[in-house]
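Each chain gets a letter, A, B and so on, in the order its sequence line appears, and its residues count up from 1.
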Protein chains: 2
Amino acid sequence: MVTIHDVAARAGVSPATVSRFLRGQRVRSYEAIQAAIDELGYWPSAAAQSLKSGRTNTIGVVVPDITNPYFAAVVKGMESVTRTEPYRILLANSDESSEQEDDVLADLVRRVDGIILAPATEQDETPLHVRDADVPLVFVDRDLAGGERFDAVLVDNDGGGRQAAEHLLSLGHTRVAAISGTLDTTPGRLRREGFVGTLAKAGVEVPPEYDLVGDFKEHSGYQLTLSLLSLPEPPTAIFAANNLMTLGALKALHDMRIDIPGQISLIGFDDLDTGPLLRPPLTVVDRPMFEQGVLAMRLLLRRLDPGDGGGLASRVVLDTKLIERASTAPPGGHPSPARTRKTRSR
Amino acid sequence: MVTIHDVAARAGVSPATVSRFLRGQRVRSYEAIQAAIDELGYWPSAAAQSLKSGRTNTIGVVVPDITNPYFAAVVKGMESVTRTEPYRILLANSDESSEQEDDVLADLVRRVDGIILAPATEQDETPLHVRDADVPLVFVDRDLAGGERFDAVLVDNDGGGRQAAEHLLSLGHTRVAAISGTLDTTPGRLRREGFVGTLAKAGVEVPPEYDLVGDFKEHSGYQLTLSLLSLPEPPTAIFAANNLMTLGALKALHDMRIDIPGQISLIGFDDLDTGPLLRPPLTVVDRPMFEQGVLAMRLLLRRLDPGDGGGLASRVVLDTKLIERASTAPPGGHPSPARTRKTRSR
DNA sequence: CTGAAAGCGCTTACAG
DNA sequence: CTGAAAGCGCTTACAG
């Protein structure tokens with residue numbers, strides 16, 4: 001390994017001078033130093049630099065599942081910010097498991113300057129350890145019970161659930177089922193509350209056999225939809241609380257040869273790149289993805305700035321938006337004459 | 001920051017003893033040490049450990065685009081391997097750009113023990129620098145011109161192109177277009193060669209106006225399909241050389257109200273989670289994704305094993321598989337009576 | 001089993 | 001502008 005001493009010796013200066021040159025300071029013999037660096041193929045040791053400076057120039061990012069297109073887009077948004085900075089991203093999946101999240105965070109706090117986390121559950125205790133380690137932490141997509149003291153980039157999940165409910169109500173549905181995500185996550189709990197609550201206010205109760213809880217993974221959307229179809233009286237509309245469960249629901253409906261929206265309307269949460277191309281094109285509650293990653297990374301880098309005063313936590317809450325496509329219609333599938341239908345395609 | 005000296009002082013031993021305890025060696029006063037660690041909340045400094053040991057326990061992974069479901073699955077496969085190891089993954093996108101890849105690799109070699117790369121082009125020079133830095137390198141998905149000396153996990157792209165061609169030939173197509181990926185990448189070049197070459201052998205020429213080259217991104221699939229549709233005599237079948245360009249092609253065909261496969265058949269490369277749910281369900285050449293990530297990471301960890309003899313490069317080439325769905329049919333859309341159609345759904 | 005000491009490769013006040 | 005020196009937090013031969 002070529003060290004700064006080797007460069008110094010070859011250039012006829014001291015290691016300190018080489019170090020100054022590397023940091024961009026004005027140095028007399030910069031030509032000789034540059035030549036020595038080139039000839040020797042010298043690169044400074046990141047470990048040694050970290051040890052001295054106390055900074056790793058690394059950001060830890062922990063998401064439940066990188067193959068979920070939502071999280072892939074969020075991570076890409078984060079990276080678009082770090083591209084112009086000296087920071088790199090250390091990525092890990094928690095697989096929706098608090099234990100796995102714990103393990104990975106315990107390791108990460110030793111290696112990174114800051115962490116962006118989409119916690120596996122709201123009850124998670126771990127992030128407090130993160131704070132003990134004095135590593136800045138930003139939440140994205142999901143919050144923590146009592147997490148108000150941390151920076152966060154979230155969306156209005158309650159409002160999104162409401163939008164889904166209002167849409168189905170406006171179509172005239174009264175037998176409405178919800179496939180929620182894990183209820184001890186922010187999005188799982190709030191999307192359900194917004195959805196069920198809005199229906200209740202309109203006098204539409206969601207009975208227990210329609211009020212189902214999955215785990216944000218495709219398989220649970222599939223299984224729970226099958227269980228809905230096996231009821232003596234299946235619902236006329238289903239709300240699936242994330243993209244993967246919506247896909248599972250769609251597969252189940254296809255497999256059981258259910259006409260959508262003729263027999264059952266389906267509305268999802270989170271749009272998909274293929275959303276407009278599906279059979280039928282999906283009606284969804286959409287929200288910013290890439291942008292959430294950008295915002296979260298910016299919040300974190302601000303905390304890492306030595307000039308940051310350690311002020312109050314920034315809590316960003318973005319709006320959701322209904323995208324009406326062809327997977328929802330009035331019960332029975334016939335358009336309600338009383339209503340002008342705004343359809344959007346992409 | 002709590003250091004090993006603080007722990008040592010509190011436990012009444014020397015730092016060396018604490019260090020030995022941390023490495024799992026037998027130590028007399030392990031109870032006092034463990035207590036001191038717990039009370040002080042001590043975590044060893046990763047930077048200091050790296051500096052001493054020369055190992056970072058970090059793997060660099062560089063892919064063109066993490067939002068491409070193929071690469072997301074590959075990365076997840078890699079992580080499934082590192083989960084039981086002390087290694088973490090440093091992830092970066094190259095955005096299909098050699099320059100960006102260069103920048104990121106120059107930084108990565110200082111921070112990681114090894115690198116897995118899907119190079120932006122076959123002509124890339126950078127990986128040789130990586131080798132200069134003495135950092136083991138494994139290719140995944142894409143190879144390098146003269147990359148035979150590196151470990152690699154690839155698929156039979158040429159064979160995949162052939163499968164696509166044979167499928168369209170068996171349906172009776174003679175006006176066949178190809179939307180290839182960048183031709184200075186392994187998959188871009190070989191998929192096209194396999195496809196066009198197989199057609200040529202069967203006496204079907206692909207004229208220049210049908211022989212188009214995109215960049216693996218959705219937009220190019222969209223644009224190139226529009227250009228095909230604007231021809232005086234459009235093709236009756238299109239082969240799109242990756243998942244994103246296939247989606248672009250599908251969107252263009254929808255927007256132009258083309259009946260698939262009635263007017264034009266579409267076959268893609270790489271299956272999508274939504275493949276069976278699309279309008280129409282997509283016929284594709286499929287290949288392992290998660291598994292490629294697993295294999296690539298295993299090859300790399302083997303190189304990192306001190307016991308590795310530095311033997312010959314391992315070159316793994318996996319097979320592709322045709323999945324027939326509803327987006328392909330004989331020209332005119334009527335099933336060929338001479339042929340038994342094997343359909344597969346998922 | 002344990003401790004004192006050297007050293008991993010850098011950076012940075014401190015003198016000059 | 002430059003160099004000698006100390007030190008970041010560990011690990012590991014070397015004695016004992």
Using a strict threshold of under 4.0 Å (side-chain N to carboxylate O), is an ion pair present between [Y] and [X]?
X	Y	result
Asp65(B)	Lys76(A)	yes
Arg189(A)	Asp184(A)	no
Arg10(A)	Asp6(A)	no

Side-chain donor/acceptor of [X] to backbone N/O of [Y], under 3.5 Å:
X	Y	result
Arg20(B)	Arg26(B)	no
Thr182(A)	Thr185(A)	no
Asp113(A)	Asn57(A)	yes

Legend entry - Test item: Val138(B) and Ile115(B) side chains (from C-beta on) under 4.5 Å apart, heavy atoms: no
Legend entry - Duplex segments of DNA chain C, taken as runs of at least three Watson-Crick or G-U pairs that stay under 3.5 Å: C:1-3 with D:14-16, C:5-12 with D:5-12, C:14-16 with D:1-3
Legend entry - Nearest-Å distance once atom C1' is located in both dG16(D) and dT12(D): 16 Å
Inset, instruction - Heavy atoms under 4.0 Å is the rule here; annotate nucleotides 9-16 of chain C 5' to 3' with B where the base is hit, S where only the sugar-phosphate is, and - elsewhere. - result: BBBBB---
Legend entry - Ring center gap for Phe21(A) and Tyr30(A) short of 6.0 angstrom: no
